[in-house]
Novice: 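Please read through the structure below; I'll follow up with questions.
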Amino acid sequence: MTEGWLATLNAGADDEALAASLTACCGARRWVEEILGQRPFADVPALLAAADAAMAGLDDADLVEALSAHPRIGEQPTGSDQSWSRQEQSGLTSAAADVLEEIAEANAEYERRFGHVYLVCATGKSADELLAICRARLDNDVAEEDRAIREELAKITRIRLAKLLGP
C-alpha cells in the first residue's frame, strides 16, 4: 500500500498542485508531464525508475528549461525551489568572501564556455568543493559536460523527490 505523498500523487486529486511539487524537483515540463502521465506507481522504486527514464528522455530544449529553474551556485535562489536550493547550497553559508568571489568568477567562465548555468548537486558539499568541481568541469568538452549536467540534474531530482516522499 502506498502512503503519504506517493498516495497523493497516485490519487491525482489536484494535478496543478502535484505539477507544482514535481516542477520544484525538475523544472522541465516534459519531465513533469511524463511523471503525471505514468500514474499510478506501485511503489517508490517504480516512481524513481519512471523519474530516471523521464530524465533520460529529455532533449536539449528540455534540459535548458530544467537548468533555468536553478540558481547559480552562490546566488540567492528565487522561484519555486527557494528553500530547497538554500538547503542544498548550505555549504556556502560559511564560505569566505574571496571564495564566494572565485565561485562567481568560475560561474561566469562556465556560462561563457557552455552557454548555461553551472549545475552541480551541491548537497553536502563545501564552497571549496563546489569551486573545485566547477574548475574541473571547465576542462570538459561539450559532450562530456552534457553527460555531467544530466547526471547532476538526476541526482538533484532524486533528492528532491525524496523530500516530497518524506521518511
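Note: hydrogens, waters and symmetry copies are ignored here, and every other heavy atom, side chains too, is used.
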Novice: Is K155 salt-bridged to E152, cutoff N-O under 4.0 Å?
Specialist: yes

Novice: For the side chain of N107 and the backbone of I73, is there at least one donor-acceptor N/O pair under 3.5 Å apart?
Specialist: yes

Novice: Going by atom types only, do E65 and S68 share a side-chain donor-acceptor pair under 3.5 Å?
Specialist: no

Novice: Is any side-chain N of the basic residue among R135 and E109 closer than 4.0 Å to the acidic one's carboxylate O?
Specialist: no

Novice: Apply side chain to side chain contact (heavy atoms under 4.5 Å, CB included) to K125 and I133, showing your working.
Specialist: CA-CA 10 Å; K125 292 180 178 69; I133 293 166; 3.7 Å; yes

Novice: Quick one: does any side-chain atom of W31 pair with a main-chain N or O of A51 as donor and acceptor, under 3.5 Å?
Specialist: yes

Novice: Honestly curious: do L9 and V44 fall in one hydrophobic cluster under the side-chain, below-4.5 Å linking rule?
Specialist: yes

Novice: Restricting to non-hydrogen atoms, name the atom on G27 and the atom on A69 that form the minimum distance, rounded to 0.1 Å.
Specialist: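 Minimum heavy-atom separation between G27 and A69: CA-CB, 4.0 Å.
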
Novice: Could you report the tightest heavy-atom contact between N140 and A148, atom names first, then the distance?
Specialist: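 Scanning both residues completely, I find the closest heavy atoms to be ND2-CB, 4.3 Å.
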
Novice: Looking only at heavy atoms, what is the nearest atom pair of P40 and N10, with distance?
Specialist: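 That closest heavy-atom pairing would be CA-OD1, 3.1 Å.
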
Novice: Mark yes or no for whether E129, through its side chain, and S126, through its backbone, hold a donor-acceptor pair below 3.5 Å.
Specialist: yes

Novice: Compare all side-chain heavy atoms of R158 with those of L153 and state whether any distance is below 4.5 angstrom.
Specialist: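 Not in contact.
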
Novice: What I'd like to find out is whether the side chain of F41 reaches to under 4.5 Å of the side chain of R39, using heavy atoms alone.
Specialist: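 Yes, side chains in contact.
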
Novice: Measure the CG-CG distance between D146 and D60 for me, rounded to the nearest 0.5 Å.
Specialist: 6.0 Å

Novice: Quick one: does any side-chain atom of R30 pair with a main-chain N or O of G57 as donor and acceptor, under 3.5 Å?
Specialist: yes

Novice: Determine the minimum heavy-atom distance between Y110 and L138, stating which atoms define it.
Specialist: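 Reported closest heavy-atom pair: CA-CD2, 3.4 Å.
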
Novice: Mind checking whether I35 and L164 sit in one hydrophobic cluster, side chains of I, L, V, M, F, W, Y counted as touching below 4.5 Å?
Specialist: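 Yes, I35 connects to L164 through the hydrophobic network.
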
Novice: If two hydrophobic side chains count as joined below 4.5 Å and joins carry through other members, does I159 share a cluster with Y118?
Specialist: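 Different clusters: I159 never reaches Y118 through Ile, Leu, Val, Met, Phe, Trp or Tyr contacts under 4.5 Å.
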
Novice: Evaluate the side-chain proximity of R137 to E145: yes if any heavy-atom separation is below 4.5 Å, no if none is.
Specialist: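 E145 reaches R137 side chain to side chain.
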
Novice: Could you tell me whether the side chain of E111 and the main chain of H116 form a donor-acceptor pair under 3.5 Å?
Specialist: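 No, the answer is negative, given that no donor and acceptor are paired below the 3.5 Å cut-off.
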
Novice: So, for C26 and L58, which heavy atoms are closest and what is the spacing to 0.1 Å?
Specialist: SG-CD1, 4.5 Å

Novice: Quick one: CG on L131 to CD on E101, what's the gap to the nearest 0.5 Å?
Specialist: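 The distance works out to 11.5 Å.
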
Novice: Of all heavy-atom pairs between L67 and V117, which one has the smallest distance, and what is that distance?
Specialist: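 Shortest heavy-atom separation between L67 and V117 comes out as O-CG1, 3.6 Å.
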
Novice: Between R147 and D141, does any side-chain N to carboxylate O distance fall below 4.0 Å?
Specialist: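 A salt bridge is absent here (no side-chain N lies under 4.0 Å from a carboxylate O).
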
Novice: Indicate yes or no for a side-chain donor-acceptor contact from R72 to the backbone of A104 under 3.5 Å, with no hydrogens or angles considered.
Specialist: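 Between the backbone of A104 and the side chain of R72 there is no qualifying donor-acceptor contact (under 3.5 Å).
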
Novice: Check whether D62 reaches the backbone of D59 with its side chain - one donor and one acceptor, N or O, closer than 3.5 Å.
Specialist: yes

Novice: Would a hydrophobic clustering, with Ile, Leu, Val, Met, Phe, Trp and Tyr connected at side-chain separations under 4.5 Å, put L165 with I156?
Specialist: yes

Novice: Could you tell me whether the side chain of L22 reaches within less than 4.5 Å of the side chain of L161, counting heavy atoms only?
Specialist: yes

